[in-house]
Every structure is written in C-alpha cells, then in structure tokens.
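Have a look at the structure below before the remarks.
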There are 2 protein chains.
Amino acid sequence: MTKRDQLGNFELMVMLTLIRLGENAYGVPISEELEKRTGRDVAIGSVYAALERLEDKGFVTSELGEATPERGGRAKRYFRVTGRGLKEVRETQRALVKLWHGLPELEGGKV
Amino acid sequence: MTKRDQLGNFELMVMLTLIRLGENAYGVPISEELEKRTGRDVAIGSVYAALERLEDKGFVTSELGEATPERGGRAKRYFRVTGRGLKEVRETQRALVKLWHGLPELEGGKV
DNA sequence: ACTCATTTATTCACTATTCTTGAATAAATG
DNA sequence: CATTTATTCAAGAATAGTGAATAAATGAGT
C-alpha cells in the first residue's frame, strides 16, 4: 500500500472545522466545534491524532502560540490549512457530491 | 472501541454507488462505477471487503443471482441497501454538509 | 459425454492506515 | 504546590488496499 494521501472521514471533518475556525484553530475548540456541528462525541485524542497525520501529509501546518497571561495552562498549538490541504478537501468534497448528485433518495440530489 | 456503526469514507462511497445502481448492483459494476465517478483506482477486493462490513452492520443485504445463460462465469451476488443503511447514508451526508455549509473557501458553501 | 481453456465473479490472506480511548505528561498561573 | 489548560502517548480495534487463489459457469474440441 503506497502512502495514502487521501482524507479519511474523520480527517475531512477536522479539516472542515479547521477552515471554519480560521485563526482560532487549536485542539480544544476544534473538538468542541466538531461535536457541536455533528452531534457526535469526539475524543480529543482523536483530533490530535488526526491533526498529526494531516501535518505529516502536508495538509496543515502548526505553530506554537505564546503563553497567554491571565490564565493557567499550557501554550496552545495553532493549526492552519495549507494550500494543498484546501485543494484536497475540495477534491474529496467534489468526489462525494458527484457520487450523491442526482440521487432522489437523498436530499442533496439537487445540489 | 465499541462497534462502530458509522460509515467510513470508502463505505459511504460504496453505499452511494449501490443506491445509484439499484437493481444491477454487484461487485464488478460497483467497482467500475466508483472508478468512473471518482476517478480513483478502486481495488475490487476493497469493494467486497466493504460490502461484507456493511452487511454485518445491517446496512446492505445480499442475494445470489441465478446463473445467466449466454455467458460463462460465476453467479453474481446482488447487493441492496436496507432502510437502516439509507438512513445512515443520509445522516453521514447531513453531517458533512453541515460541516462545509457556508464556507466561502468551498464551492459547496451554497448548498 | 468428457475434459479443458476461457470467462466472470467472489473469496482469502496479509499488510497498512485510520480511528478511538484513557491515561500520562507538560507548561503556565497564583 | 494545587489547579487549570492543553498536548502527547500507547495500545487496540476498525477500515482500507493489494495480489493471488478459488469458484462456478460456458462452449469448443474430441
């Protein structure tokens, strides 16, 4: 099996959340936003694992934030989608839409 | 990890293809249709593996077809999406659309 | 009818990657 | 040092991917 560059289901979801959050994307809020939007439980460990894989693939980059005064706790690690990452998201999205396009059984048929 | 009832990326794609093909859904055409629509190489073995998982989860059923005269070859095994399967597809689709809805970076923002 | 090559399709065995969970660790503050 | 906030780790289960093997049916040739 050659290196897989495609996005898994969860990876795609993380990418989409990353895009949505923009500047404020780090582990905790990513996880929360994901839970809020999907209604599913999200283990924070899963998110970090996915982010690491995504960084390995070059779909995201990360940068350690400065410690914020006025609050305890470790520094945040901010994540950002790369150009390649965005492109990959678009492609995955397109593949899915193509697959469900026009199916009367699904609401999205008219997309 | 308790039994996962959610659809993986590839499983979702297989389900969508299954819905599209309707009556004529068996291994070979599923694989071909998938390749045609996504432009990706699809190993036939993967398709059967996914179908087996999906059947275990109750998302599809299968039935052995009769041998067709006028052609050699083994009998086909036809697959069909169950009610639960269709529901699961809809839910997965909805989760994805919700995640990318309104993102200006993606074409689908207007869906 | 019998055997064999051919065709069509499914199953198998194995490896790699992704996903999930719970616990551990790290770093900052007061 | 206790508390807070956040990331990292380790291990196991599920999903994905590949190539080869097997199965079942047909028709040709003898």
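This structure is a prediction, so every number in the text was calculated from the model and none was measured.
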Between [atom2] on [N] and [atom1] on [X], what's the gap in Å once rounded to a whole number?
X	N	atom1	atom2	value
A:Y78	D:dA6	OH	C1'	11 Å
A:R74	C:dA26	CZ	C1'	4 Å
A:E52	D:dC9	CD	P	7 Å
B:R53	D:dG17	CZ	P	9 Å
B:D41	D:dT18	CG	P	7 Å
B:L64	D:dA24	CG	P	10 Å
B:L7	D:dA16	CG	P	9 Å
B:E55	D:dT15	CD	P	15 Å

With a 4.0 Å cut-off, would you call [X] and [Y] a salt bridge?
X	Y	result
A:R37	A:E33	yes
A:E63	A:K76	no
A:K57	A:E11	yes
B:R77	B:E55	yes

Establish, with yes or no, whether the OP1 or OP2 oxygen of [N] is under 4.0 angstrom from a side-chain nitrogen or oxygen of [X].
X	N	value
B:R40	D:dG17	no
A:K57	C:dT18	yes
B:R77	C:dT11	yes

Problem - Nucleotide opposite C:dG22 in a Watson-Crick or G-U pair, distances under 3.5 Å - result: D:dC9
Problem - Watson-Crick or G-U wobble mate for C:dG30, both contacts under 3.5 Å - result: D:dC1
Exercise for the section: Pick base, sugar-phosphate or nothing for B:G27, based on heavy-atom distances below 4.0 Å to the nucleic acid. Expected result: sugar-phosphate
Practice task
Looking at every strand, decide which applies to B:A49 at a 4.0 Å heavy-atom threshold: base, sugar-phosphate, or nothing.
Solution key: nothing
Handout entry: Which residue lies more 5' along DNA chain D, comparing A:S46 with A:P29 via nearest heavy atoms
Key = A:P29
Practice task
Please determine, for the side chain of A:E11, which listed nucleotide (C:dT18, D:dA6, D:dA16) has the closest atom?
Solution key: C:dT18
Fill in the blank from the handout: Of the listed C:dA9, C:dT20, D:dA16, the closest approach to the B:F10 side chain comes from D:dA16
Problem - Min side-chain heavy-atom separation B:L106-A:L16 under 4.5 Å - result: yes
